[in-house]
Amino acid sequence: ALKPSGFCNVGVPTEGLKMLDIIKHQQWIVIALVFFGILAYIVIIRRRDRKWIDDRFGNPNLQAMSFGVNYFGRATEPGKPRRSSGFLLLLPDSLFYRSRVKKIELEIPGSRIARVYHDRTHKGVDLHMSLVKVDFINARDQKDTAAFKVPYPPQWIQAIDNALIKKRSA
């Protein structure tokens with residue numbers, strides 16, 4: 001017996017089965033779509049953050065900027081180090097951090113920074129990662145320390161040192 005064109009034995013169009021077979025056997029398409037979806041999300045978030053930065057500080061004022069920075073709190077805050085992710089900005093007169101989700105903001109005036117250095121511990125806890133630590137005098141006139149995980153820590157240490165600490169002593 002001849003079958004009508006475009007149908008299988010049970011009367012289901014074969015085009016639908018072909019599409020289902022393609023999806024089933026071509027999982028790389030699903031993986032690629034997920035990958036590009038995540039990439040698009042990151043681009044949108046970075047653009048939003050960049051617009052916020054430009055609106056608040058203006059582009060000419062930025063000396064250095066990093067996204068994906070982890071902040072582990074200040075030494076004077078009670079409890080163990082807490083982690084938040086956001087961006088770090090080096091401005092002509094201060095260091096500024098803002099988290100992406102928790103909306104934590106920390107601005108350290110350059111005139112209050114005593115030292116910037118590399119370490120692996122914060123609040124007595126070994127964090128098993130390279131940290132940039134900033135010793136400064138906080139708003140309550142107490143000695144304090146903030147810890148950040150940044151891309152390229154030596155460059156950040158040098159940039160903060162040159163822009164905020166050495167500039168003050170010159």
Side-chain angles (χ1 to χ4, degrees), residues 31-170:
I31 292 170
L33 289 174
V34 169
F35 173 77
F36 285 114
I38 291 170
L39 199 61
Y41 173 76
I42 291 169
V43 167
I44 290 167
I45 295 297
R46 293 250 171 112
R47 281 189 182 166
R48 185 193 69 185
D49 288 347
R50 184 61 198 223
K51 182 181 178 340
W52 185 91
I53 292 165
D54 287 344
D55 290 347
R56 177 145 178 197
F57 299 109
N59 199 12
N61 292 327
L62 295 177
Q63 295 185 354
M65 170 176 51
S66 282
F67 292 98
V69 172
N70 290 312
Y71 169 60
F72 294 95
R74 296 186 330 231
T76 56
E77 295 172 337
K80 62 183 182 181
R82 57 191 171 88
R83 182 180 190 161
S84 69
S85 181
F87 56 83
L88 186 65
L89 307 174
L90 178 60
L91 301 165
D93 59 346
S94 65
L95 190 63
F96 183 84
Y97 170 80
R98 183 173 194 236
S99 72
R100 181 168 289 133
V101 177
K102 299 178 183 177
K103 300 300 180 215
I104 297 169
E105 289 187 4
L106 174 67
E107 186 164 9
I108 305 171
S111 61
R112 293 187 159 257
I113 295 176
R115 172 172 92 125
V116 59
Y117 58 100
H118 174 267
D119 203 352
R120 297 181 70 79
T121 63
H122 187 55
K123 294 183 170 186
V125 177
D126 188 353
L127 298 176
H128 305 289
M129 61 183 75
S130 183
L131 301 173
V132 171
K133 294 183 73 175
V134 180
D135 288 347
F136 65 101
I137 305 299
N138 65 22
R140 290 176 276 161
D141 288 327
Q142 298 174 313
K143 185 177 176 185
D144 208 345
T145 302
F148 303 94
K149 179 184 180 294
V150 296
Y152 310 109
Q155 287 89 337
W156 266 98
I157 291 170
Q158 184 178 13
I160 295 168
D161 196 34
N162 289 339
L164 300 177
I165 298 172
K166 287 182 181 172
K167 182 174 92 173
R168 187 176 60 228
S169 60

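Side chains are part of it too, since the values below use all heavy atoms of this structure and drop only hydrogens, waters and symmetry mates. Worth saying up front: this structure is predicted, and the values here are computed from it rather than measured.
- When every heavy atom of Asn70 is checked against every heavy atom of Ser85, the shortest pair comes out as OD1-CB, 3.7 Å.
- Distance check: Ser94 OG to Ile113 CD1 gives 8.0 Å after rounding to the nearest 0.5 Å.
- Atom-to-atom distance recorded for Ile160:CD1 and Leu88:CG is 6.0 Å, nearest 0.5 angstrom.
- Residues forming a salt bridge (Lys or Arg N to Asp or Glu O under 4.0 Å) with Glu77 (at least two apart in sequence, or on another chain): Arg82.
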Show me the side-chain donor-acceptor pairs of residues 124-134 shorter than 3.5 Å, one per line, residues at least two apart or across chains.
| unit_1 | atom_1 | unit_2 | atom_2 | d |
| --- | --- | --- | --- | --- |
| Asp126 | OD1 | His128 | N | 3.0 |
| Ser130 | OG | His118 | NE2 | 2.7 |
| Lys133 | NZ | Thr121 | O | 2.9 |

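- Rounding to the nearest 0.5 Å places CD1 of Ile44 at 12.0 Å from CG of Asp49.
- For OH of Tyr117, the number of neighbouring non-hydrogen atoms (other residues, nucleotides, ligands) closer than 6.0 Å is greater than 12.
- At most 12 non-hydrogen atoms from other residues, nucleotides or ligands lie less than 6.0 angstrom from CD of Gln158.
- The line from CZ of Phe67 to CD1 of Ile45 is 11.0 Å long, rounded to the nearest 0.5 Å.
- The distance from atom CG of Leu33 to atom CD1 of Ile38, rounded to the nearest 0.5 Å, is 11.5 Å.
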Go through it in stages, so that I can follow the logic: the residues are Phe87 and Trp52, the test is side-chain contact (heavy atoms from CB on, under 4.5 Å), and I'd like the CA-CA distance, side-chain angles, deciding distance and then a yes or no.
CA-CA 11 Å; Phe87 56 83; Trp52 185 91; 3.7 Å; yes
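- Applying the side chain to side chain contact (heavy atoms under 4.5 Å, CB included) test to Arg47 and every residue at least two apart in sequence or in another chain returns Val43.
- Evaluation of the side chain to side chain contact (heavy atoms under 4.5 Å, CB included) rule for Ser66 yields Val69, Pro151, Trp156 as partners, not counting sequence neighbours.
- For Lys103, the side chain to side chain contact (heavy atoms under 4.5 Å, CB included) criterion is met by Arg48, Arg98, not counting sequence neighbours.
- What you find for Gly79 and Lys123 is that their closest heavy atoms are O-NZ, 3.1 Å.
- The distance from the CG atom of Leu164 to the CG atom of Asp93 is 8.0 Å, given to the nearest 0.5 Å.
- Applying the ring pair (Phe, Tyr, Trp, His ring centres under 6.0 Å) test to Phe148 and every residue at least two apart in sequence or in another chain returns Tyr71, Tyr97.
- Among residues two or more places apart in sequence or in another chain, the salt bridge (Lys or Arg N to Asp or Glu O under 4.0 Å) test is passed with Arg120 by none.
- Scored by the side-chain hydrogen bond (donor to acceptor under 3.5 Å, both in side chains) test, Gln142 finds Asn138 as partners (sequence neighbours excluded).
- Residues passing the side chain to side chain contact (heavy atoms under 4.5 Å, CB included) test with Leu62, sequence neighbours excluded: Arg50, Ile53, Asn59, Met65, Leu89, Leu91.
- In this structure Asp135 satisfies the salt bridge (Lys or Arg N to Asp or Glu O under 4.0 Å) test together with Arg115, sequence neighbours excluded.
- Judged as a salt bridge (Lys or Arg N to Asp or Glu O under 4.0 Å), the pairs with a partner in residues 136-159 (not counting sequence neighbours) are, in order, Arg74-Asp144, Arg112-Asp141.
- Taking Gln155 as the reference, nothing meets the side-chain hydrogen bond (donor to acceptor under 3.5 Å, both in side chains) condition, with sequence neighbours excluded.
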